Novice: 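Have a look at the structure that comes next, please.
Not measured: the values here are computed from a predicted model.
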Amino acid sequence: MKISVIGGGVSGYSLAALAHRLGNDVLVSDERVLSDDVYEKLKELGISYEIGHNLAFQAEALLLSSGIPPAAPVVLKAQNQGIPVIGELEFVLPHLTGNIIGITGTNGKSTVTSLVGHLLGSFCGSTAVGGNLGVAMADFALCKYDYIVLELSSAQLHYLAQRKNADFKIAVITNLAPDHIDWHGSYEKYIEAKARIISLLADDGRVFMREADIRKINDISRADKITALSWNNLDSRNNDRIILEADRAILMEGGSLHELFKYGNSHLIGKHNYENVAFSMAVLKKILGVDYDSGKAVKTLSTFKGLPHRCEFVAEINGVKYINDSKGTNVGACVTALNSIEGDKIIILGGKGKGEEYAPLGQCVKERAKHAIILGSERERIRNSLFEHGMNDVTLVDTIPEAVFEASIIASCGDIVLLSPACTSWDQYENYMQRGEHFRSSVQNLMETA
């Protein structure tokens, strides 16, 4: 079969390599020049490539690498010409061997994916972890694993046309909030994409998700597969569910109580991370039947330090804590961080927007922060939203170091300086990691001069 892979990045190369191994005639087509690394790998495999989508339409099918939007001209042209368009997930799934655990959601999915992989890796022989996080899922194809833990983005799920034969043992939807509206076209389309993970469940599979998010999904044809998570919902103990109590999380299953973990045994910061850990420990319990009070489970959880740039503790200077949540690239993530972290906060906001409304952010900042420092291309829009909600303690800056310095002047002993931008970093940085590292170095410089 003649296949054109659209996109020559990490996932695009892996898709091309897999398609080639399966005996297809493959062309990689990208609008930009390929990296030297990808170019050399394609050359070694004998895979052709082009810059500009010209030869791509001579193929029998287009295979889209991660992130190609449905409104992209190359996608629309293929559809107009009757050329089938296949997504990454749909192409790869039939070639995965192992018990698959799929994790999606607006925020927290990388933390849950990594923690589930960390837990299973401690108890099992071969556990693969990747997808939208780290290793491309195509790299796991045609190999045998005990467990495959996949982080799945809304973009990857969007192109899933039908249920495939690689049924998921467990799915997790961490939470649902507006994100990637510019990519999907609407919040409804975004939710629809996320919900497609439920269609991948095996007949005996389960999906864990927040009770508050269930009503956001219009069509749940497999509602009997859902185990809901809620806070202190003791009135619903007759149902299978995850319950977060004052100091621990428990799993109700078949009328029995199973302790999942005590909050004090996790290094992760914030109530939202208690949810992430609860989901992860519930997966471990459901998959392997491991009880938390086993010494190995407690020890394994305690060795997980969390992922960089996700409510990551950086330093404490003169009684002020600095927390790096640069991964908070949407309004929902920032609101969650503000609500989850206790204490008086100076919030650092701003960057490049995703087409979201800032009204929920303005309301939350007014209620949960003592001061807001804003930078980036969205700073005027964010400032206006804060003003509209009565939040007048606002400072505009141009750079992260300037934001850290201003925050240090404003903060009092016991306060928290939280970088949780509610925006992408693309106006000033290549990615959120680079922004987070700049925040870290700025705090380090502040510490050295304190």
Novice: Look at the rings of H309 and Y432 and say which category their plane angle falls in: under 30° parallel, 30 to 60° tilted, over 60° perpendicular.
Specialist: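 H309 and Y432: perpendicular rings.
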
Novice: If the plane angle is over 60° it's perpendicular, under 30° parallel, otherwise tilted; pick one for W231 and Y274.
Specialist: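 If you compare the ring of W231 with that of Y274, the planes turn out tilted.
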
Novice: Any side-chain donor-acceptor pair under 3.5 Å between E50 and S29?
Specialist: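 Per modelled atom types, E50 and S29 side chains form a pair under 3.5 Å.
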
Novice: Could you report the tightest heavy-atom contact between P69 and Y159, atom names first, then the distance?
Specialist: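 Looking at all heavy atoms of both residues, the shortest contact is C-OH, 3.2 Å.
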
Novice: I'd like to know whether K271 forms a salt bridge (Lys or Arg N to Asp or Glu O under 4.0 Å) with E275, so could you lay out the CA-CA distance, the side-chain angles of the two residues, the decisive distance to 0.1 Å, and finally the verdict.
Specialist: CA-CA 7 Å; K271 291 181 179 179; E275 294 183 4; over 6 Å; no

Novice: Tell me whether the rings of F304 and H118 are parallel (<30°), tilted (30 to 60°) or perpendicular (>60°).
Specialist: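 Tilted.
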
Novice: Measure the acute angle between the ring planes of Y190 and H184, then classify it against the limits of 30° and 60° as parallel, tilted or perpendicular.
Specialist: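 Judged by the thresholds at 30° and 60°, the geometry between Y190 and H184 is perpendicular.
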
Novice: Does a side-chain heavy-atom distance below 4.5 Å link V404 with V417?
Specialist: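 No, every pair of side-chain atoms sits at 4.5 Å or beyond.
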
Novice: Just so I know, are the side chains of L45 and Y13 near enough to count as touching, which here means a heavy-atom distance under 4.5 Å?
Specialist: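 Side-chain contact under 4.5 Å: yes.
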
Novice: Out of Q156, K109, M137, which residue meets the side-chain contact (heavy atoms from CB on, under 4.5 Å) rule with E151?
Specialist: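 Single side-chain contact (heavy atoms from CB on, under 4.5 Å) partner of E151 among Q156, K109, M137: K109.
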
Novice: Side-chain contact, heavy-atom cut-off 4.5 Å: E312 with R440?
Specialist: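 A side-chain contact under 4.5 Å exists here.
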
Novice: With no hydrogens and no angle check, is any side-chain donor or acceptor of S420 less than 3.5 Å from a backbone partner on G328?
Specialist: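 Here the side-chain-to-backbone pair does not exist.
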
Novice: Answer yes if the side chains of K366 and H389 hold a donor-acceptor pair under 3.5 Å, and no otherwise.
Specialist: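 Checked: K366/H389 side chains show no N/O donor-acceptor pair below 3.5 Å.
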
Novice: Take a 6.0 Å sphere around NZ of K43 and say whether it holds more than 12 heavy atoms from other residues, nucleotides or ligands.
Specialist: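 For K43, atom NZ is not crowded (no more than 12 foreign heavy atoms under 6.0 Å).
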
Novice: Is the closest side-chain heavy-atom distance between T329 and C423 below 4.5 Å?
Specialist: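 Answer no - side chains too far apart.
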
Novice: Taking everything shown except E31 itself, do over 12 heavy atoms lie less than 6.0 Å from its CD?
Specialist: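 No, CD of E31 has 12 or fewer neighbouring heavy atoms, counting only those of other groups under 6.0 Å.
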
Novice: Between R379 and D427, is the salt bridge (Lys or Arg N to Asp or Glu O under 4.0 Å) condition met? List the steps.
Specialist: CA-CA 11 Å; R379 65 181 184 177; D427 56 342; over 6 Å; no

Novice: Test L268 against every option in L301, T111, L307 by the side-chain contact (heavy atoms from CB on, under 4.5 Å) rule and name the one that passes.
Specialist: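 One option only clears the test, and that one is T111.
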
